[in-house]
Number of protein chains: 2
Amino acid sequence: MKKADINFSEPLNCPVRNILDRIGDKWSLLILLVLEQEDVLRFNEIHQSIGDISQKMLSVSLKNLEADGLVNRKVYPQIPPKVEYKLTDLGKSLIPFVNALSDWSKQHMDTILRNRTAYKKKL
Amino acid sequence: MKKADINFSEPLNCPVRNILDRIGDKWSLLILLVLEQEDVLRFNEIHQSIGDISQKMLSVSLKNLEADGLVNRKVYPQIPPKVEYKLTDLGKSLIPFVNALSDWSKQHMDTILRNRTAYKKKL
DNA sequence: CGGGATCCCTCGAGATACTG
DNA sequence: CAGTATCTCGAGGGATCCCG
């Protein structure tokens, strides 16, 4: 080993694996970013902002984010029901890093797409 | 919309979705970090560094990373074969952001695990 | 309105065996 | 050594219906 001696082969003790298990799924990051843009949103508002997420997956993803303490869920006991979601401080603290990744993606996506096309032709 | 007017509902035009499609899988980020630590590695060296990845998934993941231009693959035409992998400049440029995420994970993993335990009890 | 419960199907990914 | 080829299984995730 040369540098930080991170043990990548220990799934439970590897920070990269932990973070990926949390936000590496299809929707969680997207939900966090939507909530960051709008501050407070109701279930259907998130649903519409993302567009192509199913009700089920939105529900499941929100529940996971809530369980981890990244999102706060506030229920108004009324009929019809009203539920509001917002980021917790912990959730907000993750946003800058996600945005940094997003910016990297924006900058290099063209290059990556060109690389991929060239790679296919090479085969 | 309040802030950057990102259109999250356009899968093809959403940087978050693009980056997740690239690195949101189970192994790609891990491979990038392993390569960053050791500079140049052969196939089986990566295999052993990660430990619990199958040959198949390592092969597939490396091929994708190569296609996107994040990893360079150098074949020595000899028997037995020898293949070396290293990060490209593009691959290297992604590392700091991944490390930032990894650090965030290290800092907050305890809190998240406690949140999750408390959430389960609440149910 | 905000979900929960159920059904169903695709595909990610592991195990194994084989090859230049 | 560095993969490829096949088979297989389980989970991720969509569609639909229902309920307080």
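The structure presented is a predicted model; accordingly, all values stated were derived computationally and were not measured. These values consider heavy atoms only, across backbone and side chains, with no hydrogens, waters or symmetry-generated copies.
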Quiz prompt | Whole angstrom value for the distance that separates C1' of C:dG14 from NE2 of B:H47 | solution = 12 Å
Practice problem: Output yes when at least one side-chain N/O atom of B:K26 is less than 4.0 Å from OP1 or OP2 of C:dG14, else no. | Solution: yes
Quiz item: Could you give the NZ-to-C1' distance, from B:K63 to D:dA5, as a whole number of Å?
Solution: 11 Å
Quiz item: Between atom NZ of A:K122 and atom CG of A:N115, what is the distance when rounded to the nearest 0.5 Å?
Solution: 10.0 Å
Quiz item: Which residue, A:I79 or A:W27, contacts DNA chain D at a nucleotide closer to its 5' end, judged by nearest heavy atom?
Solution: A:W27
Quiz item: Nearest-Å distance, CG (B:D25) to C1' (C:dA13)?
Solution: 11 Å
Self-check item: Phosphate OP1/OP2 of C:dG2: any A:R42 side-chain N/O under 4.0 Å
Solution: yes
Exercise. If the plane angle is over 60° it's perpendicular, under 30° parallel, otherwise tilted; pick one for B:F43 and B:H47.
Key: perpendicular
Quiz item: With a cut-off of 6.0 Å (strictly less than), are more than 12 heavy atoms of other residues, nucleotides or ligands near NZ of A:K74?
Solution: no
Quiz item: Quick one: on DNA chain C, does A:L62 or B:P80 contact a more 5' nucleotide (nearest heavy atom)?
Solution: A:L62
Exercise. Please tell me if the side chains of B:W27 and B:L62 come closer than 4.5 Å, counting only heavy atoms from C-beta onward.
Key: no
Self-check item: Separation of atom CZ in B:F43 from atom P in C:dG20, rounded to whole Å
Solution: 18 Å
Quiz item: Could you give the CG-to-C1' distance, from A:N64 to D:dA11, as a whole number of Å?
Solution: 14 Å
Quiz item: A:Q55 CD to C:dT6 P: how many Å, rounded?
Solution: 17 Å
Quiz prompt | Contact under 4.0 Å: B:S59 side-chain N or O vs D:dT4 OP1/OP2 | solution = yes
Quiz item: Between C:dC11 atom P and B:M57 atom CE, what is the distance in whole Å?
Solution: 15 Å
Quiz item: In whole angstrom, what separates A:E66's CD from C:dG3's C1'?
Solution: 13 Å
Quiz item: Is any side-chain N or O of B:Y85 closer than 4.0 Å to OP1 or OP2 of D:dC1?
Solution: no
Self-check item: Touch class at under 4.0 angstrom, heavy-atom based, for B:Y76 against every strand present
Solution: nothing
Exercise. May I ask you to say what B:K56 touches in the nucleic acid, namely base, sugar-phosphate or nothing, with a heavy-atom cut-off under 4.0 Å?
Key: base
Self-check item: Close side-chain approach of B:L65 and B:L35, heavy atoms under 4.5 Å
Solution: no
Quiz item: Looking at the side chain of B:V83, which of C:dG3, D:dG3, C:dC1 is the nearest nucleotide?
Solution: D:dG3
